[in-house]
Amino acid sequence: MASITKRGNSWRVRVGYLTQDGTRDFETATFKKKKDAVAWASDLEGLLQTGYVPHSKDYTLADYYDEWYSTYKEPVIRNGTKRNYVSTGKLIRKYFGAMPIADVTRMEYQKFLNTIGETRAKQTCHAISITIRAVVKSALADGAINRDFTVNTVASGRPSKPASEKYLELHDANKLTAKVIEILNSPEPDFRAMSILIAIKTGARLAEVSGLTWKDVDFHERTININKTFTRDLSAPFGPTKNRQSTRIIDVDNQLIEQLKKYRPRQQLMFWQALRQNELNLICSSPTYSASWGNSIEDYLRSILKDAEITKKITYHGLRHTHASFLLGRGVSIPYVSQRLGIKIQTLRCEFTPICFRPTSMWKLLKRSMH
């Protein structure tokens, strides 16, 4: 039964309930108008009758997020996706700290979105907001909160790079290829240079390139079998590809095959000199098993671009865009390109096709060279 009392110019409402451990506790609120107090009490009592039990004020948003992630997401998602969820959890804990989930307001949450939007792309912020909306929906179902603080909030963020900034033009792609081959032809070839060359020649994702083993290369048929990804967890180093379309066998050119043939014995020599074995049989690996991943390969790519006097700064994923623009610019069919990249045709149309219609895009250079 609710207790409503007048306190000066306001009305205080107090509703008792039994906690999950059987002890009695109370929810209180203060309103300027009695009718608002009555309505709040009536709503809460209705929720209590459905089994809703208010959580302790010590139950923070960060704690609830971690529990939600470990219960509903961690057991069923890929390792690559797990990193995104863990990163979001760290952001929540850093910003909200020990704030109880029940105390998070729409205004405070919007301030959080504004803050992360100052240093992140809009697409990233939008993905974070979608995750938190799912968390809030779960919290409502669990009775951890009785209102959705994400309603009518908007994810901000820096605009994405224009399409022309996500790939290299033909002349720059050729300069980068020449630079990494120069490195691979040195007495001590760098496995990161091989990773970049494979990405240029295949359009494969970083996790796919990092997970390639020598068994995946058919030197006679000149093909590479992309059938797994590298997880960075040496207790379970290989994981599945991103989706069903991503498992594929693709043709590669003579230049890549010849470089792989020359690189393999040199890699074996490096392992022998280090008194180590390439136990995982990885192509892109050194005796310290520093498989090409994350910031390490991104920093290396930036240094190679600088050494090759290429002013455009692309990411490793930009090598995938470069490969796609090369094929699309030559008039290669969209179904073939989508199969080669391991994505659906619709995804290809949305992410890559617009590149071919930019005035400065690679296809104009290609068409010019073909006449």
Side-chain angles (χ1 to χ4, degrees), residues 13 19-20 25 27-32 36 39-40 43-44 47 52-162 165-166 232 242 293-295 298 313 315 317 350-351:
V13 57
T19 63
Q20 292 178 335
D25 203 346
E27 284 286 302
T28 61
T30 302
F31 300 89
K32 290 184 178 181
D36 293 334
W40 182 85
D43 290 343
L44 180 55
L47 286 171
Y52 164 74
V53 178
H55 282 262
S56 166
K57 288 293 184 182
D58 294 332
Y59 207 151
T60 68
L61 172 59
D63 288 341
Y64 185 88
Y65 177 90
D66 289 345
E67 185 174 342
W68 171 85
Y69 164 69
S70 62
T71 303
Y72 296 105
K73 293 297 179 180
E74 189 175 21
V76 297
I77 59 178
R78 298 170 62 252
N79 286 329
T81 307
K82 288 178 182 178
R83 287 188 286 274
N84 296 333
Y85 281 96
V86 171
S87 176
T88 298
K90 290 179 180 178
L91 282 175
I92 291 173
R93 189 167 294 278
K94 180 179 180 180
Y95 184 88
F96 291 99
M99 181 179 291
I101 188 171
D103 290 352
V104 180
T105 63
R106 288 177 56 247
M107 185 174 294
E108 191 63 42
Y109 177 64
Q110 183 62 63
K111 290 179 181 178
F112 163 74
L113 292 178
N114 295 344
T115 299
I116 65 174
E118 292 174 357
T119 55
R120 292 168 179 80
K122 188 171 183 178
Q123 183 178 0
T124 301
C125 295
H126 180 64
I128 293 172
S129 70
I130 289 176
T131 298
I132 297 179
R133 285 181 188 275
V135 173
V136 170
K137 185 177 180 180
S138 178
L140 286 167
D142 288 341
I145 55 177
N146 56 17
R147 56 184 172 75
D148 184 348
F149 57 76
T150 68
V151 171
N152 293 332
T153 55
V154 180
S156 56
R158 297 178 301 184
S160 300
K161 285 184 177 180
E165 295 298 315
K166 294 182 179 180
R232 290 195 290 181
K242 186 173 183 179
W293 197 269
N295 292 334
E298 295 290 357
K313 307 303 179 186
T315 63
H317 193 74
C350 293
E351 293 188 14

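Numbering of residues begins at 1 and proceeds along the displayed sequence. Since this is a predicted model, take the numbers as computed values, not measurements.
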When you compare the side chain of T28 with that of V13, does any pair of heavy atoms fall below 4.5 Å? no

So salt bridge (Lys or Arg N to Asp or Glu O under 4.0 Å) across residues 66-77, not counting sequence neighbours, yields D66-R93

Set of side-chain contact (heavy atoms from CB on, under 4.5 Å) partners for V154, sequence neighbours left out: Q110

Please evaluate residues F96 and I101 with respect to the criterion side-chain contact (heavy atoms from CB on, under 4.5 Å), reporting the C-alpha separation (whole Å), side-chain torsions for both, the decisive distance (0.1 Å), and the verdict. CA-CA 9 Å; F96 291 99; I101 188 171; over 6 Å; no

side-chain hydrogen bond (donor to acceptor under 3.5 Å, both in side chains) with E108: which residues, sequence neighbours excluded? Y95

Side chain to side chain, M99 and T60, heavy atoms closer than 4.5 Å: no

Rounded to the nearest 0.5 Å, how far apart are OG of S87 and CD1 of I92? 10.0 Å

Less than 4.5 Å apart, side chain to side chain, heavy atoms only: is that true for F149 and T105? no

For the OG1 atom of T150 and the CG atom of L113, what is their distance to the nearest 0.5 Å? 9.0 Å

side-chain contact (heavy atoms from CB on, under 4.5 Å) with N84: which residues, sequence neighbours excluded? none

Flag side-chain contact, heavy atom, 4.5 Å: Y109 against V136: no

For K90, look at atom NZ and say whether over 12 heavy atoms of other residues, nucleotides or ligands are found less than 6.0 Å away. no

Return the minimal non-hydrogen interatomic distance between S70 and P75, and the atom names on each side. O-CD, 3.5 Å

If a pair satisfies side chain to side chain donor-acceptor pair (under 3.5 Å) and one of its residues is in residues 120-129, list it, with sequence neighbours excluded. none

Nearest-0.5 Å distance that lies between atom CG in L61 and atom CH2 in W68: 11.5 Å

Is the closest side-chain heavy-atom distance between I77 and Y69 below 4.5 Å? yes

Hey, does N146 have a side-chain heavy atom less than 4.5 Å from the side chain of L140? no

Testing I116, N114, T115 one by one against F112 for a side-chain contact (heavy atoms from CB on, under 4.5 Å), which residue passes? I116

Hey, is NZ on K137 packed in by over 12 heavy atoms from elsewhere, all under 6.0 Å? no

Do M107 and K111 touch side chain to side chain, with heavy atoms closer than 4.5 Å? yes

Suppose we screen for side-chain hydrogen bond (donor to acceptor under 3.5 Å, both in side chains). Which residues come up paired with S138, at least two apart in sequence or across chains? Y64

Donor-acceptor contact present, side-chain R106 to main-chain T153, <3.5 Å: no

Counting C-beta onward and ignoring hydrogens, is there a side-chain heavy-atom pair between L44 and E27 closer than 4.5 Å? yes

With a 3.5 Å distance limit and no angle check, can you tell me whether R133 reaches the backbone of I128 through a side-chain donor-acceptor pair? no

